[in-house]
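Residue numbers run from 1 in the order of the sequence given.
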Amino acid sequence: QVQLEQAGGGSVQAGDSLRLSCATSGSTFSTYASAWFRQAPGKRREFVAGLSWQGSSSSYADSVKERFTIYRDNAKNTVYLQMDTLKPEDTAVYYCAADRWGNGGTRLDTYELWGQGTQVTVSS
């Protein structure tokens, strides 16, 4: 059974960078679309970035465009979220998600696998 294990996160100052990682167990990693979502206190979980299973197509929420980058390393069965120029409003619990043969879209309910979540706190 495929499982997602997240790492990274922490507390930083505004303008700093962080990288989140999501390692996947199992040999079928390359067949999964990947995405990152986040959930701030009192808010719904929202889409941040997605990558198609082929790795050829990515999409981003408007709030993170030009600052965040999603990418994968198939040799390490890992997907990453590079977060630059962090802002206090980026503070949230971040979740990675996977959808077999998916296109990395924005709909939360299309993803069948989820990581455990990791806290990112950005101070002004």
Side-chain angles (χ1 to χ4, degrees):
Q1 183 177 356
V2 177
Q3 294 183 321
L4 307 182
E5 185 67 29
Q6 294 182 225
S11 297
V12 297
Q13 297 291 316
D16 287 349
S17 297
L18 276 176
R19 189 180 74 167
L20 306 181
S21 64
C22 178
T24 306
S25 63
S27 60
T28 57
F29 172 77
S30 62
T31 65
Y32 281 83
S34 301
W36 290 92
F37 290 78
R38 67 186 181 187
Q39 188 166 17
K43 294 188 176 182
R44 293 182 177 181
R45 193 170 298 187
E46 64 176 5
F47 173 82
V48 175
L51 186 65
S52 64
W53 73 269
Q54 305 98 321
S56 58
S57 176
S58 61
S59 59
Y60 297 89
D62 288 343
S63 59
V64 307
K65 279 181 181 177
E66 308 299 329
R67 299 190 298 120
F68 290 12
T69 304
I70 184 172
Y71 63 100
R72 62 196 289 166
D73 184 339
N74 284 346
K76 295 183 178 180
N77 286 358
T78 301
V79 61
Y80 301 92
L81 183 69
Q82 177 66 41
M83 305 184 292
D84 297 321
T85 320
L86 282 160
K87 302 177 180 180
E89 51 263 43
D90 294 319
T91 295
V93 176
Y94 284 71
Y95 298 88
C96 65
D99 170 29
R100 197 164 192 195
W101 308 118
N103 62 4
T106 63
R107 287 186 55 179
L108 186 149
D109 60 1
T110 63
Y111 293 88
E112 63 262 31
L113 299 173
W114 290 86
Q116 78 275 21
T118 186
Q119 178 70 45
V120 172
T121 302
V122 185
S123 302
S124 59

Ala33 versus Gly104, closest heavy-atom pair with distance | CB-N, 3.5 Å
Starting at CG of Leu113, measure out to OG of Ser25 and round the result to the nearest 0.5 Å.
-> 9.0 Å
Determine, for Lys65 against Asp62, whether the closest basic-nitrogen to carboxylate-oxygen distance falls under 4.0 angstrom.
-> yes
Transitively linked via ILVMFWY side-chain contacts under 4.5 Å: Tyr80 with Tyr95?
-> no
Sequence neighbours excluded, the answer for ring pair (Phe, Tyr, Trp, His ring centres under 6.0 Å) partners of Tyr60 is none
Mind checking the CD-CD spacing from Gln39 to Glu46? Nearest 0.5 Å is all I need.
-> 9.5 Å
At their closest point, which heavy atom of Pro88 faces which heavy atom of Ser124, and how far apart are they?
-> CG-CB, 3.8 Å
Kindly indicate whether the side chain of Leu81, heavy atoms from C-beta on, has any atom under 4.5 Å from the side chain of Arg38.
-> no
Between Thr91 (side chain) and Val122 (backbone), is there a donor-acceptor pair under 3.5 Å?
-> yes
Atom of Gly9, atom of Val120 and distance for their closest heavy-atom approach | CA-CG2, 4.0 Å
Verify, without hydrogens or angle tests, whether Gln6 (side chain) and Gly117 (backbone) share a donor-acceptor contact under 3.5 angstrom.
-> yes
Are Leu4 and Ile70 connected in the hydrophobic side-chain network, where two residues link if heavy atoms are under 4.5 Å apart?
-> no
Applied to residues 69-81, the salt bridge (Lys or Arg N to Asp or Glu O under 4.0 Å) test, sequence neighbours excluded, yields none
Without swapping roles, check the side chain of Thr118 against the backbone of Gly8 for a donor-acceptor pair under 3.5 Å.
-> yes
Kindly determine whether Arg67 and Asp90 satisfy side-chain contact (heavy atoms from CB on, under 4.5 Å), including the steps that lead there.
-> CA-CA 11 Å; Arg67 299 190 298 120; Asp90 294 319; 2.8 Å; yes
In Å, rounded to the nearest 0.5 Å, how long is the span from OH of Tyr32 to CG of Asn74?
-> 13.5 Å
Can Leu108 be reached from Tyr94 by stepping across I, L, V, M, F, W or Y side chains whose heavy atoms are under 4.5 Å apart?
-> no
Keeping to residues at least two apart or across chains, list the salt bridge (Lys or Arg N to Asp or Glu O under 4.0 Å) pairs with something in residues 109-124.
-> Arg107-Asp109
Are Val12 and Val48 linked, directly or through other ILVMFWY residues, by side chains that come within less than 4.5 angstrom of each other?
-> yes
Only pairs under 3.5 Å count here: list side-chain donor-acceptor contacts from residues 15-22, not counting sequence neighbours, and write none if there are none.
from, atom 1, to, atom 2, distance (Å)
Asp16, OD2, Gln13, N, 3.1
Ser17, OG, Asp84, OD1, 2.8
Arg19, NH1, Tyr71, OH, 3.0

Quick one: list whatever passes ring pair (Phe, Tyr, Trp, His ring centres under 6.0 Å) with Phe37, sequence neighbours left out.
-> Phe47, Tyr111, Trp114
Sorted by chain and residue number, the salt bridge (charged side-chain N to carboxylate O under 4.0 Å, His left out) partners of Asp99 (sequence neighbours excluded) come out as none
So how far is it from Thr28 OG1 to Trp101 CH2, rounded to the nearest 0.5 Å?
-> 8.5 Å
